[in-house]
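Let me begin by presenting the structure, written as structure tokens, before commenting on it.
Keep in mind it's a predicted model, so treat the numbers as computed, not measured. Each ligand, and each atom within it, is numbered from 1 in the order the structure gives.
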Amino acid sequence: MEAHIVEWLNLSIRWIHIITGIAWIGASFYFNFLENSLNRTVNLRDELAGNLWAVHGGGFYYLEKYKHSPEKIPKDLHWFKWEAYFTLLSGLTLLAVVYYYNASIYMVDPSIADISAFQAVTGGIITLIASWFIYDLMCKSPLVNNMKLFALIGFILVVLLAYGLSQFLSARAAYIHIGALIGTIMVLNVFFVIIPSQKSMVKSAINGDAGDPTLGKKALMRSIHNNYMTLPVLFIMISNHFPSTFGHENSWLVLSALVLVGVGVRHWFNLKGKGIKNIWLLPVSIILLISIVIYTLPKTEAIADINLTKDSPITISDLTALNIIEKHCISCHSEKPSSTLFSTAPKGLMFDSYISIKTNAKSIKAQAVNSSIMPLGNATNMQSKERQQLGIWLDSLDKQ
Ligand code: HEC
């Protein structure tokens with residue numbers, strides 16, 4: 001019953017998180033496009049910075065951007081902020097429902113660090129909060145004036161943090177926390193800097209004074225940071241579902257490279273939007289992505305370990321393999337899971353029958369042989385020898 005409710009909470013909150021995330025990032029993409037596409041020269045009234053005609057959804061739209069604030073601030077001024085706030089709120093709730101609630105299996109991996117669920121959760125929360133303060137301090141220091149150095153130091157901190165977390169939390173939890181902390185920084189940028197700056201802009205327009213120009217500058221800087229963080233954060237969030245990223249033995253390195261790919265692609269789009277042609281950035285990002293694909297290729301050395309030669313082919317009997325699955329997987333992946341954490345088999349995967357094991361051989365191999373993602377949190381203490389045996393047996397299924 002409880003597990004069933006948690007599953008539906010997970011699904012519903014994830015749904016809200018994705019909807020609000022799309023609304024937020026979508027609006028930010030739209031305004032980026034707008035800035036880059038405004039007509040800034042032809043037939044403009046003096047007070048305008050630019051205008052744009054567009055056709056969408058069965059109608060024509062005409063939009064004007066003012067150089068400065070309009071003479072009178074309209075009563076119905078639309079603000080873009082709730083999308084961002086709700087993305088953070090739903091994201092943190094999701095983090096709590098999925099990771100913190102079942103921290104002993106989702107956050108703790110005894111083969112990485114011998115910590116308690118409480119320590120793992122506390123470490124995760126402290127990381128999120130501390131990252132914001134460090135980033136905010138960096139923004140308030142003179143470093144912020146040197147964009148390239150700022151980016152370099154920011155990236156090095158992400159790499160260090162990804163490495164640090166991967167020595168402490170389960171790989172999956174380490175990934176989600178890096179994603180969550182980047183997302184948190186982006187939303188807090190909106191909350192603490194961008195929206196207050198817009199409020200002061202509106203206030204000074206009403207009072208007719210010049211306002212504080214440094215506020216606008218700071219907000220612009222945070223907007224630029226957010227712009228560069230969008231693609232990496234999305235990449236990290238979805239890679240959490242793909243075992244060759246967080247399941248790799250150097251998961252932190254894979255994550256760091258994914259961040260670079262995201263920033264590279266983003267920068268290319270930004271340049272393109274400004275009409276600057278760059279020929280190397282996109283190809284280099286794609287080459288980096290392909291390098292990650294190659295780097296994360298499953299290793300075959302596991303089998304070499306048991307001295308497999310042509311003359312003495314090792315075979316693993318069906319019985320041995322099924323016993324391994326029975327011992328390490330069936331408590332969750334069964335029609336009636338005995339684990340108290342799940343009322344139905346996770347992802348609908350049940351390994352009660354030979355046929356279903358055979359059908360899912362590839363994903364079983366990805367999760368339990370090429371990586372040690374399953375059993376979740378290595379709840380059943382599966383040994384590497386058992387993984388090798390399972391791998392050899394799964395391979396032999398192909399040859400039947
Ligand atoms: C403690 C419970 C538990 C045990 C034991 C367990 N799993 Fe899982 N398994 C899960 C959960 C939870 C998920 C869904 C993970 C997610 O949300 O991405 C899952 C997902 C999977 C997936 C699908 C992954 C994907 O994202 O497509 C495979 C394949 C899998 N498990 C195989 C195994 C194998 C093989 C074993 C035994 C070696 C095993 N599991 C043991 C809980 C468990």
Side-chain angles (χ1 to χ4, degrees), residues 2-15 17-18 94-111 117 169-176 179 236-248 251 296 298 302 316 318 320-395 397:
E2 183 193 316
H4 185 69
I5 290 174
V6 171
E7 183 173 328
W8 277 95
L9 267 179
N10 180 341
L11 176 58
S12 323
I13 299 167
R14 199 173 288 254
W15 187 45
H17 185 55
I18 292 175
L94 196 57
L95 191 63
V97 167
V98 179
Y99 284 85
Y100 297 169
Y101 186 69
N102 282 327
S104 56
I105 55 164
Y106 273 98
M107 307 256 306
V108 178
D109 183 338
S111 66
L169 298 177
S170 76
R172 193 187 275 256
Y175 259 58
I176 205 70
I236 297 171
M237 291 295 172
I238 53 174
S239 64
N240 204 270
H241 299 275
F242 296 85
S244 44
T245 57
F246 68 89
H248 191 270
S251 57
T296 53
I316 298 295
D318 289 357
T320 309
L322 295 181
N323 270 336
I324 293 175
I325 293 181
E326 162 100 51
K327 184 171 160 202
H328 296 293
C329 316
I330 295 293
S331 58
C332 298
H333 293 286
S334 159
E335 216 178 307
K336 288 207 174 64
S338 59
S339 161
T340 49
L341 301 170
F342 302 97
S343 59
T344 52
K347 297 252 158 146
L349 287 173
M350 303 168 211
F351 305 139
D352 307 287
S353 75
Y354 180 80
I355 291 293
S356 79
I357 294 173
K358 199 171 167 177
T359 320
N360 292 298
K362 281 210 175 75
S363 39
I364 295 179
K365 202 170 167 208
Q367 303 277 335
V369 180
N370 297 338
S371 68
S372 339
I373 297 167
M374 289 292 148
L376 208 61
N378 206 0
T380 55
N381 193 17
M382 188 170 179
Q383 302 297 310
S384 60
K385 189 163 169 222
E386 290 170 307
R387 296 188 192 278
Q388 290 168 358
Q389 292 174 333
L390 186 60
I392 295 172
W393 181 75
L394 288 169
D395 284 344
L397 289 180

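Atom OG in Ser12 sits 14.0 Å away from atom NE2 in His17 (nearest 0.5 Å).
Within the 4.0 Å heavy-atom cutoff, Ser331 counts among the residues contacting ligand 1. Ligand 1 does not have Phe242 within reach: every non-hydrogen atom of the residue lies 4.0 Å or more from it. Ligand 1 lies out of reach of Asn360, whose nearest heavy atom is not under 4.0 Å from it.
For residue Gln367, no N/O/S atom approaches atom 8 (Fe) of ligand 1 to within less than 2.8 Å. When distances to atom 8 (Fe) of ligand 1 are checked against a cut-off of 2.8 Å, Cys332 contributes no N, O or S atom below that limit.
When all heavy atoms of Ala103 and Ala117 are compared, the closest pair comes out as CB-CB, 3.8 Å.
Under 4.0 Å from ligand 1, the heavy atoms of Ala368 that appear belong solely to its side chain. Counting heavy atoms under 4.0 Å from ligand 1, residue Pro346 touches it through the side chain alone.
Residue-ligand proximity, Leu376 to ligand 1, at heavy-atom distances under 4.0 Å covers atoms 12 (C). Close contacts of ligand 1 with Ser363, meaning ligand atoms under 4.0 Å from a residue heavy atom, involve 29 (C). When each atom of ligand 1 is checked for a heavy atom of Leu349 under 4.0 Å away, the hits are 22 (C), 23 (C), 28 (C), 29 (C).
Among all protein heavy atoms, the one lying closest to atom 18 (O) of ligand 1 is Arg172 NH1, 3.1 Å. Ranking the protein heavy atoms by distance from atom 19 (C) of ligand 1 puts Met374 CE, 3.0 Å first.
Annotation: Tyr106 places no N or O atom under 3.5 Å from an N or O atom of ligand 1; distance criterion only.
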